[in-house]
Amino acid sequence: MTELTLSRAETKSVASSIAEMRRFEILKALAIFALVAALPIIVHDVYLQNVLILTLMFAALSQSWNILGGYCGQISLGNALYFGIGAYVTSMLFVGFSITPWLGLGLGGVLAAVLAVVLGYPCFRLKGHYFSIATIVIAEIGLLLVHNWDYAGAALGIQWPVGQDGWTTLQFARNKIPYFYLALGLFVVTWFVTFFIEGSRWGYWWRAVRDNPEAARSLGVEVFRSKIAAAAVSAFFTAVGGGFYAAFVGYIDPDSVMSFRFSLLFALPAVLGGIGTLWGPAVGAAVLIPLTEILRSYAGGSGNGLDLIIYGGLVMLVALAKPDGLLSLFQLMGRGRST
Amino acid sequence: MTSAQPFLQVLASGLAMGLIYALIAVGLSLIFGLMDVVNFAHGEFLMLAMYATFGLFFETALDPIVLAPLVVAIMFVLGISVYAGVVRYAMRAKTNPGMVQIFATFGLAILIQGLAQYFFTPDYRSIPNTWLGGKTLNLGGVFLPWPQIYGGAISLATFLGLYLLISRTDFGKALEATREDQGAVALVGIDRNRIFALGWGLGAALVGLAGAVLAIFYYIHPNVGGTFALVAYVTVALGGFGSIFGALVAGIIVGVVEALTTLILPPALKSVGIFTLYLGVLFIRPSGLLGRL
């Protein structure tokens with residue numbers, strides 16, 4: 001047993017080496033963000049810019065999903081609800097009352113976070129598949145209600161007015177680059193939030209809740225409050241992403257922002273890249289989103305289902321072949337170098 | 001005509017549809033109970049069974065009622081193949097096996113949808129001139145379509161058969177034992193893999209039978225699975241994952257509540273009733289009506 005206890009000096013050196021690693025992680029991240037920020041210098045094609053924007057957006061949304069799903073272990077398949085709240089709040093405030101989307105983003109986020117807390121009280125009593133299916137059903141109720149809500153445009157949705165370009169309206173009809181930096185900004189924020197949570201007491205609590213809730217509880221971890229907090233953070237950023245998407249696309253309807261497919265698209269990059277890791281969602285999105293877009297434009301146009309065949313087949317293969325995510329490939333290579 | 005007539009009408013059609021929902025859901029529940037795997041391609045199994053019925057009808061011009069055993073056999077083979085080709089590998093995952101199973105079967109679902117679109121086109125199909133199609137029974141002012149009556153009867157008979165299979169046969173006992181303790185059954189000489197494969201075959205065969213029934217009175221298209229899949233998940237969770245009797249009870253409740261909802265809400269919102277009921281029940285009993293945790 002004696003080998004397991006660390007002296008004060010050893011504890012200090014472990015702590016300082018962790019701090020060292022985290023400083024290095026920040027530097028690495030800043031370098032990556034700077035490289036990505038420079039991409040518009042070489043990418044002039046509007047189609048490719050579009051793909052980049054969607055990739056960054058889904059990286060941010062999947063990172064938000066990862067906060068609850070990956071770190072806290074609560075597999076939500078209903079995040080489309082929060083995405084939809086963000087998209088609808090932002091659109092309705094802007095289109096109906098000319099309120100700047102910036103306020104809509106924040107308000108949608110807060111509303112989603114409050115709803116996540118309210119729904120969390122009953123939902124977090126459910127375990128495993130019961131929890132996941134309850135999240136699907138709740139999101140589906142939301143979808144049905146919006147579908148029949150005339151004030152919000154019902155099935156027709158909401159069209160953003162054209163011709164008011166600028167940073168206060170978040171409308172850029174001629175130039176997609178501002179959207180690129182907004183999406184990058186959103187991803188950077190979610191990355192740093194995840195990073196700081198990972199190193200904080202909450203981060204340790206959440207992982208303990210994920211790995212063994214009973215043991216965590218016996219050690220004094222507030223299991224229920226941990227889940228609620230993770231759900232609120234996750235919902236907030238998912239809704240902000242939804243508001244961004246609405247401004248970017250300029251048109252929303254219930255099925256295009258709240259369908260079950262979206263909920264899966266938020267989870268999928270994290271699962272593909274590496275669930276419960278800092279870079280997993282980004283790696284997963286960088287593979288998945290360009291692939292989806294390319295398949296859609298080259299194989300999906302005719303509606304013959306070829307894009308679905310390739311896409312579904314790949315999702316299945318990756319899930320089976322690399323269950324701990326693509327990121328583990330990089331880590332293997334990294335380990336190979338250092339030894 | 002009494003004022004109770006519309007109520008009885010709704011109750012009767014809800015009951016018939018509920019029995020069909022139970023039949024759709026029971027295969028999902030059976031597989032879950034056996035090995036803790038939620039099949040996210042369950043709706044696509046149903047869709048394939050409907051297309052199989054349609055295709056066989058097209059080739060042979062026989063009635064879907066006659067074709068049902070053939071569809072069931074095809075789906076049984078498909079279920080075993082999916083277990084052997086996909087699920088067996090998904091279960092080997094050491095890290096987050098739950099997510100691997102979700103996304104392996106979800107990928108399979110998309111793949112099957114794509115294949116259906118590729119081979120059958122996205123067009124809506126229906127089987128014309130069947131023995132039961134379009135015919136209704138008049139029970140003292142309450143009208144019930146014959147296809148639904150047939151579906152309800154098939155469902156009840158299937159549940160009885162399933163009960164007998166599990167309680168009276170060696171296969172049923174092996175199934176029950178494997179679900180109790182996967183490790184211990186190996187010690188008494190039961191091949192776990194074989195039971196799992198047969199379980200998937202049986203689960204797919206059951207949803208196949210439901211597909212052969214639905215094909216008589218429902219439009220067939222590549223996305224038809226999604227419509228019923230969510231109802232099936234709700235039914236299974238409401239009854240309790242893994243509980244076969246729970247699936248029957250929950251299916252009936254779901255059918256009746258859905259029908260009753262149309263009395264007070266517009267038809268587009270008919271699912272809101274069952275979803276709300278499901279959430280209400282789950283918050284009181286987190287493992288469903290008849291589930292065990």
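Letters A, B, ... mirror the listed sequences (proteins, then strands); counts begin at 1. All values reported here derive from a predicted model rather than from experimental measurement. Computed over heavy atoms, backbone and side chain alike; hydrogens, waters and symmetry mates excluded.
- Residue Phe245(B) qualifies as open at atom CZ: its count of foreign heavy atoms under 6.0 Å is 12 or below.
- Residue Tyr218(B) places its OH atom among 12 or fewer non-hydrogen atoms of other residues, nucleotides or ligands, all under 6.0 Å distant.
- Of the listed residues Val272(B), Val234(B), Val86(B), the one with more heavy-atom pairs under 4.5 angstrom with chain A than any other is Val86(B).
- Counting only residues at least two apart or in different chains, side chain to side chain donor-acceptor pair (under 3.5 Å) contacts with residues 226-252 of chain B are absent.
- In this structure, chain B has no heavy atom under 4.5 Å from any part of Leu272(A).
- Side-chain N/O atoms of His129(A) and Asp36(B) include no donor and acceptor closer than 3.5 Å.
- Of the residues considered (Val236(B), Ile102(B), Leu108(B)), Leu108(B) shows the highest number of contacts with chain A, using heavy-atom pairs under 4.5 Å.
- Counting only distance, with no hydrogens or angles, the side chain of Asn39(B) and the backbone of Thr105(B) share no donor-acceptor pair below 3.5 Å.
- A donor-acceptor distance shorter than 3.5 angstrom exists from the side chain of Arg207(A) to the backbone of Glu198(A), with no hydrogens or angles considered.
- With a 4.5 angstrom heavy-atom cutoff, Ile133(A) touches chain B via backbone and side-chain atoms both.
- Between Phe266(A) and the options Trp65(A), Phe83(A), Tyr82(A), a ring pair (Phe, Tyr, Trp, His ring centres under 6.0 Å) holds for only Phe83(A).
- For the set Ala109(B), Ala237(B), Pro222(B), the count of heavy-atom pairs under 4.5 angstrom toward chain A peaks at Ala237(B).
- No donor-acceptor distance shorter than 3.5 angstrom exists from the side chain of Arg125(A) to the backbone of Tyr121(A), with no hydrogens or angles considered.
- Contacts with chain B (heavy atom to heavy atom, under 4.5 Å) involve these residues of residues 308-315 of chain A, listed by number: Leu308(A), Ile309(A), Tyr311(A), Gly312(A), Gly313(A), Val315(A).
- When each of Leu111(B), Ile274(B), Leu115(B) is scored by its heavy-atom pairs under 4.5 Å with chain A, the top score falls to Leu111(B).
- Residue contact with chain B, scored on non-hydrogen atoms closer than 4.5 Å, is absent for Arg210(A).
- Both the backbone and the side chain of Leu144(A) come within less than 4.5 Å of a heavy atom in chain B.
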